[in-house]
Amino acid sequence: MQDDPLLRNLNPEQLAAVTLPAQPALILAGAGSGKTRVLTTRIAWLLQQGAITPGGVMAVTFTNKAAKEMMTRLSAMLPVNVRGMWIGTFHGLCNRFLRAHWKLAGLPQSFQILDTADQLSAVKRIVKAMNLDEERYVPKQLSWFIAGSKEEGLRPRDVPVRDEHTRKMVEVYQAYEDQCQREGVVDFAELMLRTYELLRDNDPLRAHYQHRFSHVLVDEFQDTNRLQYAWLKMFAPPGNGQGVFAVGDDDQSIYGFRGALVGNMADFEREYRVERVVKLEQNYRSFGNILDAANALIAHNSRRLGKNLRTDAGPGEPVRVVESTSDFGEAQWVLEEIQQLHRGGLARKEIALLYRSNAQSRVIESALFNAGIPYRVYGGLRFFERAEVKHALAYLRLIENPNDDTSFLRVVNFPARGIGARTIEQLQDAARGTGRSLYQSVGAVAGKGGSNLAGFVGLVERLRERTRGLTLREIIEHMLHDAGLIDFYRTEKEGQDRIENLEELVNAAEAFVTQEGFGKDAVALPVDEHAPGTLSGDAPAPGPDLTPDAETGEIVSPLAAFLTHAALEAGDNQAQAGQDAVQLMTVHSAKGLEFDAVFITGMEEGLFPHENALSDSDGLEEERRLMYVAITRARQRLYLSFSQTRMLHGQTRYNVKSRFFDELPEHALKWLTPKQQGFGSGFAREYQQAWQRGSGFGSMVGAGRVAPAPPPLVPKAPSHGLRVGQSVFHTKFGEGLILTLEGQGDDARAQVNFGRHGMKWLALSVAKLTPVD
DNA sequence: CTGTCGCGCGTTTTT
DNA sequence: CGCGCGACAG
């Protein structure tokens, strides 16, 4: 077996995981332990053994990136037809499934996919139509409620109604569902829920897929939500003899806030009767001190499955800790350190600046910008989310499916063609209750608005006619021209960038068609020619000849395929991706990445751990896992930095260093600034200097490297005599610790952590706080 | 129908 | 402080 080239370089743990028998398995894969390698080698090994054919494999990931990487690595390992396998994201695979069984799923063949923004605007329309008070029924929250319910597997009728407010929200949910059904659109959660329900309710179909997939592999299992786990059980239920291979790391579960259930891992182990959990603890990424820090930190969490990373690489450099006096100073210090690293030969793209929340990037960005250092910020608008691109896509979607009211409303008057709010209202009134789409109802509006509407419909019809049979590129070019988008942006002052993005859309379409055929999200081939089609509870089991859905495995139009691609893969967020630039991102978006040098900035109480997560232990443990993720991104060098003051929401906050420092082993740390530092000494004058400089950037660094000249003034000594980090007593809440002090005089406020009484903001002019000790 | 002003708000995010 | 949205005026 050792001679097998596939298995040759695996360590014993990896080898054990890869060659497990075909039964349910749980792999606890630590950070940097070769998880993706194990997953892909497992598939390759199964194929090589002749145990399965490509068609029998399903591998599920969360991101397109992970899915792509799996396919790339797999085809490098074996000369295998990756297309034959079901490798993709949860949503991508659902799409594939629903495109094949659209009829059974009760969808139109050309159903469109709503992204989060589309969903929000659809909900807004409902709220308006139902005449609800948007203060009480906030569209964003409703949107969240609907997606959340679906991800719990709940249809409107299933949602427990406790009060009037919930009842109303369920009503909105129902109306939203009706609207989507009418328009032939599905949101992300709907892709999952529809697939789940169809499999649940259709015995032969379920049996078919369970038979087909002898092996199902799930990546990042700790991030699955309730619906995704239930979905998995439809494809491969416990006790069914299929090889279910779940890979995850409970210590890297950082998406609880969006419904991920770490508990799914323990549930999986129990329900699937996993005999042996394989732990991958050998780390190939980081040096010892970094791993010591990570291990020690995460050991403070209870409720773990238990895992300790180790390395053969030796201790390496200590983790460097730096205290700055202000966020400006922190940024300046980071900047100087980066320049030094780069001069020392480290590529800029090997340096990552991580922060807990996006708002923190601004200061660092301006420091880098002023110094002329190339950087790239992750997050923010992605390509397919840009307004001009969404406008273009809306036209394309209307060509495919004119009943998509969301797209209709987006572009009916863009570019402006004399269709105002009044006309739209009339149109919506006309459509309401008839079960018809806006597009179908334009005839009902008379007058000038009506003829303008007719003009718009004519435009869409003309586009559909004239682009029939053309290539995707030609379709888009026609549309851009005929709809007047290019002309519109040509007259705009800021329009040049937008025109470039529209041209980029043409390129993206071209690349999509040539590279991927129609791409993996599309159904270019019969998905499953043997899948049973017609079915209802009392129908006899159908033969393979009566499979209306499978017949639709005909080549889907390139346009439809591209639209699906655009919805399921929002694309990159920056054009200049290839350049050697310092990488700026939140800790969340850093998950799965690695860098030679990593700076974790803003290591302060209230920021990291974030104040909103301090009230319960679950929240704090997730923050700690987040910190664990951050630490384990670093290969060679890790910096932790915190600042005494920070500008947030236009106010200066006085922070204490993160409690996580107390959870790190002293031997692995090196304090570049003195570890204990009192307040009120150096920082006041430095802070003032930063302000006087206007831009705020100068030689401000940590207290160890302070410029001379001390006119100590700002900020002036607070009259209440309290300081951050001080213990105080409150008559009602008992003893607590001051975390933040803000404002002066009558406005002075303190944020105090009262332990089990929680975190409180107190106005010092009102609250009686007595210093303890 | 467009542009501008002013208000309110402000973890983390993929599909 | 800076953004995005909604209300209102031109």
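This structure is a prediction, so every number in the text was calculated from the model and none was measured. Each chain gets a letter, A, B and so on, in the order the sequences are listed, and its residues count up from 1.
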task: Examine A/Phe90 together with A/Trp231 and report whether their ring centres are nearer than 6.0 Å.
output: yes

- request: Indicate, with yes or no, if the rings of A/Phe456 and A/Phe408 have centres closer together than 6.0 Å.
  value: yes

- prompt: How would you label the glycosidic angle of B/dT12: syn (within 90° of 0) or anti?
  reply: anti

message: Work out how far the P atom of B/dT13 is from that of C/dG4, and round it to whole angstrom.
response: 16 Å

Across the strands shown, which category fits [X] at heavy-atom distances under 4.0 angstrom: base, sugar-phosphate, nothing?
X	result
A/Asn413	sugar-phosphate
A/Phe90	nothing
A/Ile113	nothing
A/Ala421	sugar-phosphate

Residues forming a ring pair (Phe, Tyr, Trp, His ring centres under 6.0 Å) with [X], sequence neighbours excluded:
X	answer
A/Tyr137	A/His165
A/Tyr173	none
A/Tyr628	none
A/Tyr255	A/Phe257, A/His588

message: What is the first contacted nucleotide of DNA chain B and what is the last, in 5' to 3' order, if contact means an atom lying under 4.0 angstrom from a heavy atom of chain A?
response: B/dC1 to B/dT15

query: Can you check side-chain hydrogen bond (donor to acceptor under 3.5 Å, both in side chains) on A/Thr564 and A/Arg99, steps first, answer last?
result: CA-CA 10 Å; A/Thr564 297; A/Arg99 294 287 169 195; 3.1 Å; yes

message: Is it the case that the side chains of A/Glu330 and A/Gln332 hold a donor-acceptor pair, with the cut-off being a distance below 3.5 Å and no angle test?
response: no

field: DNA chain B: 5'-proximal contact among A/Arg422 and A/His649 (nearest heavy atom)
entry: A/Arg422

message: On DNA chain B, compare the nucleotides closest to A/Thr586 and A/Gly418; which residue's is nearer the 5' end?
response: A/Gly418

message: At under 4.0 Å between heavy atoms, how does the protein contact nucleotides 2-10 of chain C? Give one character per nucleotide, 5' to 3', with B, S or -.
response: SS--S----

